[in-house]
Amino acid sequence: MKFRMWLARVMAGRYGVDQLGRALLWVYLGLAIAALVVRPLYYVALALMVWMMFRIFSRNIYKRQMENQKYLRVIGKIKGWFQLQKNKFRDRKTHRYRTCPYCKATLRLPNKKGNHTVCCPKCNKDFQVKI
Ligand SMILES: [Zn+2]
């Protein structure tokens with residue numbers, strides 16, 4: 001209980017740990033292990049640790065939140081890409097994935113050979129697709 005009160009006093013007005021902070025910790029641990037083999041990597045790991053600590057104790061909460069938002073956007077895009085590859089593989093016999101030339105939406109189309117006119121459900125524009 002005393003430790004928690006002490007911690008609450010120390011961390012008052014400070015940012016703390018977020019998703020980016022946790023990611024930095026994992027990358028740090030990975031690099032620290034890799035540094036056992038490749039020594040210079042430890043300096044990179046150390047820099048990440050310093051950055052992580054700086055973020056945790058930072059009082060500029062708004063700026064740290066913006067950083068975290070940016071991180072989540074990038075990670076979301078990467079995860080989305082992997083999810084798409086997974087779905088493409090799962091549907092490889094029944095469907096084809098195409099990008100709408102107008103709004104860049106990814107469309108899942110039935111795998112029927114030939115030329116088709118597709119109406120994008122997102123932007124309602126027609127375009128030609130060859131499968
Ligand atoms: Zn579209």
Side-chain angles (χ1 to χ4, degrees):
M1 197 61 211
K2 268 184 179 166
F3 175 73
R4 278 174 67 184
M5 281 169 70
W6 171 82
L7 194 67
R9 206 162 52 223
V10 168
M11 293 308 291
R14 294 183 190 270
Y15 185 60
V17 182
D18 57 7
Q19 289 93 336
L20 175 56
R22 265 195 288 276
L24 284 174
L25 180 64
W26 285 111
V27 176
Y28 165 80
L29 289 174
L31 284 174
I33 291 167
L36 296 173
V37 186
V38 189
R39 282 269 168 222
L41 276 182
Y42 192 70
Y43 296 101
V44 182
L46 210 63
L48 282 182
M49 180 51 84
V50 170
W51 186 27
M52 196 185 89
M53 287 301 174
F54 163 75
R55 294 189 78 255
I56 288 172
F57 292 106
S58 172
R59 288 188 189 278
N60 194 344
I61 289 168
Y62 176 76
K63 214 170 167 188
R64 301 290 88 78
Q65 278 172 342
M66 289 300 109
E67 285 170 3
N68 195 44
Q69 291 294 317
K70 215 166 147 187
Y71 162 75
L72 289 177
R73 262 201 305 278
V74 171
I75 281 296
K77 269 186 192 164
I78 295 171
K79 276 186 183 164
W81 186 83
F82 276 106
Q83 185 66 47
L84 180 63
Q85 302 314 310
K86 202 176 134 194
N87 291 346
K88 272 185 183 175
F89 185 74
R90 183 195 63 203
D91 303 335
R92 67 194 180 281
K93 296 224 169 91
T94 55
H95 294 84
R96 285 286 180 268
Y97 285 80
R98 290 291 183 270
T99 307
C100 169
Y102 302 104
C103 69
K104 307 295 172 204
T106 304
L107 309 180
R108 182 170 165 263
L109 309 168
N111 192 6
K112 282 185 197 152
K113 293 240 178 295
N115 287 304
H116 308 283
T117 303
V118 175
C119 180
C120 173
K122 203 173 162 195
C123 64
N124 276 319
K125 282 178 182 158
D126 292 336
F127 61 95
Q128 288 291 315
V129 159
K130 193 181 173 222
I131 289 176

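FYI, the numbering just counts along the sequence from 1. Predicted model, so just to flag it, every value in this text is computed and none were measured.
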Do any side-chain atoms of residues 60-71 form donor-acceptor pairs under 3.5 angstrom with protein atoms, and if so which ones, sequence neighbours left out?
{"from": "Asn60", "atom 1": "OD1", "to": "Lys63", "atom 2": "N", "distance (Å)": "3.3"}
{"from": "Arg64", "atom 1": "NE", "to": "Glu67", "atom 2": "OE1", "distance (Å)": "3.1"}
{"from": "Arg64", "atom 1": "NE", "to": "Glu67", "atom 2": "OE2", "distance (Å)": "3.4"}
{"from": "Arg64", "atom 1": "NH1", "to": "Ser58", "atom 2": "OG", "distance (Å)": "2.7"}
{"from": "Arg64", "atom 1": "NH2", "to": "Glu67", "atom 2": "OE2", "distance (Å)": "2.9"}
{"from": "Glu67", "atom 1": "OE1", "to": "Arg55", "atom 2": "NE", "distance (Å)": "2.7"}
{"from": "Glu67", "atom 1": "OE1", "to": "Arg55", "atom 2": "NH2", "distance (Å)": "3.4"}
{"from": "Asn68", "atom 1": "OD1", "to": "Leu20", "atom 2": "N", "distance (Å)": "3.0"}
{"from": "Asn68", "atom 1": "ND2", "to": "Gln19", "atom 2": "OE1", "distance (Å)": "2.8"}

Output a table of donor-acceptor pairs, distance under 3.5 Å, between side-chain atoms of residues 28-48 and any protein atom two or more places apart or on a different chain; print 'none' if there are none.
none

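A distance below 6.0 Å separates the ring centres of Trp6 and Phe3.
Taking each heavy atom of Cys119 and Asp126 in turn, the nearest pair found is CB-OD1, 3.1 Å. Here the shortest heavy-atom pairing between Gly114 and His116 reads O-CD2, 3.4 Å. Nearest approach of Arg98 to Val129, heavy atoms of both residues: CG-CG1, 4.2 Å. Lys122 and Ala105 get closest at one heavy-atom pair: CD-CB, 3.7 Å. Scanning both residues, Phe57 and Val10, for their nearest heavy atoms gives CE2-CG1, 4.4 Å. Across every non-hydrogen atom of Asn111 and Arg92, the tightest pair is ND2-O, 4.1 Å.
The hydrophobic clustering, which links ILVMFWY residues whose side-chain heavy atoms are closer than 4.5 Å, places Met5 and Leu7 apart. Cluster annotation: Met53 and Trp51 are assigned to the same hydrophobic cluster (Ile/Leu/Val/Met/Phe/Trp/Tyr, side-chain heavy-atom contacts under 4.5 Å, transitive). Cluster annotation: Trp26 and Ile56 are assigned to the same hydrophobic cluster (Ile/Leu/Val/Met/Phe/Trp/Tyr, side-chain heavy-atom contacts under 4.5 Å, transitive).
One finds the NE2 atom of His95 at 9.0 Å from the CZ atom of Arg90 (value rounded to the nearest 0.5 Å). In this structure, NZ on Lys130 lies 9.5 Å from NZ on Lys113, to the nearest 0.5 angstrom. Here Ile78 contributes atom CD1 and Ile75 contributes atom CD1; the two are 4.5 Å apart, rounded to the nearest 0.5 Å. Here CG of Leu25 is found 5.0 Å from CE of Met52. Values are rounded to the nearest 0.5 Å.
Remark: the backbone N or O of Thr94 is not paired with any side-chain donor or acceptor of Asp91 at under 3.5 angstrom. For Arg14 (side chain) and Met11 (main-chain N/O), no donor-acceptor pair under 3.5 Å exists by modelled atom type.
In the hydrophobic clustering (ILVMFWY side chains linked at under 4.5 Å, chained through shared members), Leu84 is joined by Tyr97.
The side-chain heavy atoms of Val17 and Arg22, taken from C-beta on, include a pair separated by under 4.5 Å.
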